[in-house]
Colleague: 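Next up is a structure, given as structure tokens.
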Number of protein chains: 2
Amino acid sequence: MFRDRFIRGERSFHRQSRESAFQKGDLKYVILDLLKDKPRHGYEIIRELEEQSMGTYKPSPGAVYPTLQMFEDMGYTSSTERDGKKTYTITDEGLRFLAERKDSADEVRSHIKRRWSFKNVGRMAMVMKEYHALENVLGRGFRTLDAEQTKQIREILINARSEIENIIGEE
Amino acid sequence: MFRDRFIRGERSFHRQSRESAFQKGDLKYVILDLLKDKPRHGYEIIRELEEQSMGTYKPSPGAVYPTLQMFEDMGYTSSTERDGKKTYTITDEGLRFLAERKDSADEVRSHIKRRWSFKNVGRMAMVMKEYHALENVLGRGFRTLDAEQTKQIREILINARSEIENIIGEE
DNA sequence: TATAATATCTAGATATATCTTGATATATTA
DNA sequence: TAATATATCAAGATATATCTAGATATTATA
């Protein structure tokens with residue numbers, strides 16, 4: 001159950017954006033957001049997210065179905081069962097919840113957009129693999145390097161970045 | 001509770017100079033200083049300090065959470081709970097406290113800087129900052145790049161890595 | 001100055017919600 | 001019959017917060 005089920009208002013006015021969305025409690029916003037578009041059943045939601053993320057994120061049934069059950073308990077959705085599929089429709093109550101948490105929901109959505117809206121995940125995955133290999137090397141250097149060496153390394157990174165920016169920019 | 005809850009400025013000349021940074025009562029300044037940047041919850045603060053110190057300092061929950069609770073009691077922060085996370089926002093009262101203790105706070109901050117950079121952490125932190133900037137650029141590229149461009153980027157990263165490996169290796 | 005009292009901190013145990021992995025069940029479809 | 005679509009469930013991992021016990025530093029007191 002949502003831990004904050006019973007929490008009443010009294011919140012601060014501006015909530016700063018956390019830099020890495022899709023943290024612990026965020027899946028419910030994603031799912032409700034999908035239900036806002038149109039009614040769906042659980043499996044459909046799983047597929048949809050897998051597809052939207054180009055296969056990089058496929059939520060587990062153990063996350064999706066209990067969440068839907070919770071929505072049901074809290075009146076955020078109504079459901080109809082047919083042919084073994086339980087289809088969930090968002091209710092006014094659910095819409096209200098989304099509106100109330102607009103900041104969180106927007107954050108999550110924009111994060112997803114940034115992360116997922118590209119076509120060439122496969123190729124990019126190789127790039128990211130190389131990027132993380134770099135991180136390993138940097139980790140090895142930690143604590144043993146002197147000022148001059150760190151300066152050189154930093155310059156290498158800056159150069160790499162500007163070269164990459166050129167490639168990205170020139171279209 | 002903060003031992004000096006009720007002291008005001010007149011006491012300040014009693015204060016001996018501290019030579020080792022981050023002494024007993026100093027954590028509160030560090031935390032409030034983080035909250036000045038943006039609202040955060042406890043776990044986030046722990047992670048942030050761990051990251052900023054490159055893993056050399058990770059405050060224990062038994063230090064962080066009671067401190068936040070104290071802030072709350074004294075009106076230095078307001079908090080909201082959502083998704084199981086209690087997010088603390090600094091209040092005017094808290095800002096005033098920081099300002100009032102500016103000397104202490106600055107001292108702590110500069111000692112941290114000195115101490116951490118003494119261990120190479122400061123410099124390495126700049127390297128890591130640059131590294132993460134690179135990640136941002138890569139993120140921008142996700143959407144639009146073709147095969148040739150990703151190949152080039154990957155090569156840039158590979159080159160950067162091997163250059164860095166040379167620097168690290170040659171001691 | 002010595003000792004006691006108190007505050008702060010570390011380490012780690014405990015609690016709870018969320019999520020992942022993966023197993024199982026059943027119905028449908030190829 | 002095999003594969004796919006759909007749902008349920010259990011076990012374990014992780015994120016986050018709370019709490020306790022003990023160590024150490026600081027202040028108060030005798």
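Order of the sequence lines sets the chain letters (A, B, ...), proteins ahead of strands, with each chain counted from 1. Only a predicted model underlies this, so the values are computations on that prediction, with no experimental measurement involved.
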Colleague: What is the distance, to the nearest angstrom, from the CD1 atom on A:Ile46 to the C1' atom on C:dT20?
Modeller: 12 Å
Colleague: Between C:dT6 atom P and B:Met70 atom CE, what is the distance in whole Å?
Modeller: 15 Å
Colleague: Check salt bridge (charged side-chain N to carboxylate O under 4.0 Å, His left out) between B:Lys102 and all other residues, then give those that pass, not counting sequence neighbours.
Modeller: B:Asp106
Colleague: Whole Å only: how far is the NE2 atom of B:His41 from the P atom of D:dA15?
Modeller: 10 Å
Colleague: Answer yes or no: does a side-chain N or O of B:Lys86 lie under 4.0 Å from OP1 or OP2 of D:dT18?
Modeller: yes
Colleague: Can you tell which of C:dA7, D:dT16, C:dC19 lies closest to the side chain of A:Thr67?
Modeller: C:dC19
Colleague: Dump the pairs, protein N or O against N or O of nucleotides 10-12 of chain D, anything under 3.5 Å, distances to one decimal.
Modeller:
none

Colleague: Among residues at least two apart in sequence or on other chains, which ones pass ring pair (Phe, Tyr, Trp, His ring centres under 6.0 Å) with A:Tyr131?
Modeller: B:Tyr131
Colleague: For the pair made of CG in A:Asp26 and P in D:dT16, what is the distance, rounded to whole Å?
Modeller: 10 Å
Colleague: How many whole angstroms separate atom OH of B:Tyr43 from atom C1' of C:dA15?
Modeller: 15 Å
Colleague: Ignoring hydrogens and geometry beyond distance, is a side-chain donor-acceptor pair present between A:Gln69 and A:Asp73 at under 3.5 Å?
Modeller: yes
Colleague: Applying side-chain hydrogen bond (donor to acceptor under 3.5 Å, both in side chains), can you list everything that pairs with A:Glu81, at least two apart in sequence or on another chain?
Modeller: none
Colleague: Below 3.5 Å, can you tabulate the donor-acceptor pairs from side chains in residues 86-93 of chain A to any protein atom, sequence neighbours excluded?
Modeller:
from, atom 1, to, atom 2, distance (Å)
A:Thr91, OG1, A:Gly75, O, 2.6
A:Thr91, OG1, A:Tyr76, O, 3.1
A:Thr91, OG1, A:Glu93, N, 3.4
A:Thr91, OG1, A:Gly94, N, 3.1
A:Glu93, OE1, A:Arg96, NH1, 2.7

Colleague: Return the 5'-most residue of the pair A:Lys24, B:Gln69 with respect to DNA chain D, ranking by each residue's nearest nucleotide.
Modeller: A:Lys24
Colleague: What is the distance, rounded to the nearest whole Å, between atom CD of B:Glu81 and atom C1' of C:dT18?
Modeller: 15 Å
Colleague: Please check: side-chain N/O of A:Glu163 versus main-chain N/O of A:Ala160, any donor-acceptor pairing under 3.5 Å?
Modeller: no
Colleague: Any side-chain N or O of A:Arg47 less than 4.0 Å from the OP1 or OP2 oxygen of D:dT6?
Modeller: yes
Colleague: Toward the 5' end of DNA chain C, which comes first, A:Val64 or B:Ser60, by nearest nucleotide?
Modeller: B:Ser60
Colleague: Who pairs with B:Glu155 by side-chain hydrogen bond (donor to acceptor under 3.5 Å, both in side chains), at least two apart in sequence or on another chain?
Modeller: none
Colleague: How long is the line joining OH of B:Tyr65 and P of C:dA15, in whole Å?
Modeller: 17 Å
Colleague: Between P on C:dA7 and NZ on B:Lys28, what's the gap in Å once rounded to a whole number?
Modeller: 12 Å
